[in-house]
Student: 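Mind having a look at this structure? Questions to follow.
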Amino acid sequence: MQAASARQAPLEMFFPDEASRVACAGAIRRMMESVPGSYAAALATIDGKPVIHVAPSDWRHARVAAIVGSLCALGETLGKEVNQRACRNVLIETESGLTVVQRLPSPAERLILLTTSNREANLGVLLTYSRTCAAAIARLAARPG
Amino acid sequence: MNDHKLIFVGSPGVGKTTAIRSVSDHPPVSTEVPSTDETRDTTVALDFGELTLADDDVLRLYGVPGQERFEFIWPLIADGAMGMVVLVDNSLPGALETLDGYLRSFDDFIGRVPAVVAVTRLRDGVGPALSDYVAHLARRNLDLPVVAMDPRERDDVLYLVNMIVAMIDVPVAA
């Protein structure tokens, strides 16, 4: 596992100082440690750029970030199309695990958090810790000018 | 009633979303979000609109996100399309090279279905002329129509759509 900044520009845009970057990575790690079966998490911009990830070394972070951006937009668009309001998250459930994609609350609404787990995780637990983590990161993030 | 699928590809900001909005019968589905490195919005998943043709045939219009990082979604959206519009922003440096990039990415696709190159922001003395595009394509053994288009103008987009529709021999749009 590794924590890494994928591209400097988005990372520095939202977390301009080292302390906030460390705190962001810490929030992600704490969330993962709290969710049994959690094996990766990533932060991306809403336009599909990688910001930071805690993930296996074979994680294709740039590609994942782009897919996360598309998926979040599609989830929110579908929600509106079926007359629902305020998409909270996009949930993917497979035979081998769970993936939650959610936009961060204000003032970090230009960021998306992806959390993944194997089947060991309980959906409610994963959602709860993901939201808590998203709120914590939102408090750390700077609003880009 | 039949439906047909047409995709719009090209650089971010070239006018794909606008072109679909100009001719869609209904407000199109849009996945635009604020860009982190530019002041404008950018499409991150797809655009989708519908245009009714003669005989009640329907043309489904899909726009793909322009940035290369969204390349994963291009074949997903292109699957089943009967035609493609490649938009090129003539006001940007390297317009011909940009066109080459999209032609390479959709190489297999262009060989199978009709495609048209639509040049936007065409101004005298700025960037290549339409004839330069035609010559450029000919050097690559590509015989694609090249047209100037303002994606904000419904008539411009309809002209383009009808050209592709005619190439596949289905009823044209009114």
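From a predicted model like this one, the values you see are computed outputs, not experimental measurements. Residue numbering restarts at 1 for every chain, and letters A, B, ... go by the order of the sequence lines. Only heavy atoms go into these numbers, but all of them, side chains included; no hydrogens, no water, no symmetry mates.
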Student: Around atom CD of E68(B), are there more than 12 heavy atoms from other residues, nucleotides or ligands closer than 6.0 Å?
Tutor: no
Student: Would L122(B) and V126(B) show up in the same hydrophobic cluster when neighbours are defined by side-chain heavy atoms closer than 4.5 Å?
Tutor: no
Student: Counting only heavy atoms not in R152(B), do more than 12 fall under 6.0 Å of its CZ?
Tutor: no
Student: So how far is it from E81(A) CD to F48(B) CZ, rounded to the nearest 0.5 Å?
Tutor: 9.5 Å
Student: Should we say atom CZ of R60(A) is surrounded by more than 12 heavy atoms from elsewhere, each under 6.0 Å from it?
Tutor: no
Student: To the nearest 0.5 Å, what is the distance between CG (L76(B)) and OG (S70(A))?
Tutor: 9.5 Å
Student: Non-hydrogen atoms of chain A under 4.5 Å away: do they reach the side chain of T42(B), the backbone, both or neither?
Tutor: side chain
Student: V29(B), V33(B), L46(B): which one forms the most heavy-atom pairs within less than 4.5 Å of chain A?
Tutor: V33(B)
Student: Indicate if I92(A) and W59(A) have the same hydrophobic cluster label, given that clusters are the connected sets of ILVMFWY residues with side-chain heavy-atom separations under 4.5 angstrom.
Tutor: yes
Student: Output the distance between atom OG1 (T36(B)) and atom CD1 (I46(A)), rounded to the nearest 0.5 Å.
Tutor: 8.5 Å
Student: Looking at F106(B), I'd like to know if its CZ atom is crowded, meaning that more than 12 non-hydrogen atoms belonging to other residues, nucleotides or ligands lie closer than 6.0 Å.
Tutor: yes
Student: Count the heavy atoms of every other residue, nucleotide or ligand shown that sit under 6.0 Å from CG of D143(B), and state whether that count exceeds 12.
Tutor: no
Student: Which atoms form the tightest heavy-atom contact between T77(A) and S30(B), and what is the distance?
Tutor: OG1-O, 3.5 Å
Student: Between T43(B) and chain A, which part of the residue has a heavy atom less than 4.5 Å away: side chain, backbone, both or neither?
Tutor: neither
Student: Measuring heavy-atom distances to chain B, does L71(A) have an atom under 4.5 Å in its side chain, in its backbone, in both, or in neither?
Tutor: neither
Student: Minimum heavy-atom separation for V44(B) to G69(A), with atom names?
Tutor: CG2-O, 3.7 Å
Student: Minimum heavy-atom separation for A66(A) to F70(B), with atom names?
Tutor: O-CE2, 3.4 Å
Student: Looking at R69(B) and A65(A), would you say the former's side chain and the latter's main chain have a donor-acceptor pair under 3.5 Å?
Tutor: no
Student: Can you see which heavy atom on A45(B) is nearest to which on L74(A), and at what distance?
Tutor: CB-CG, 3.6 Å
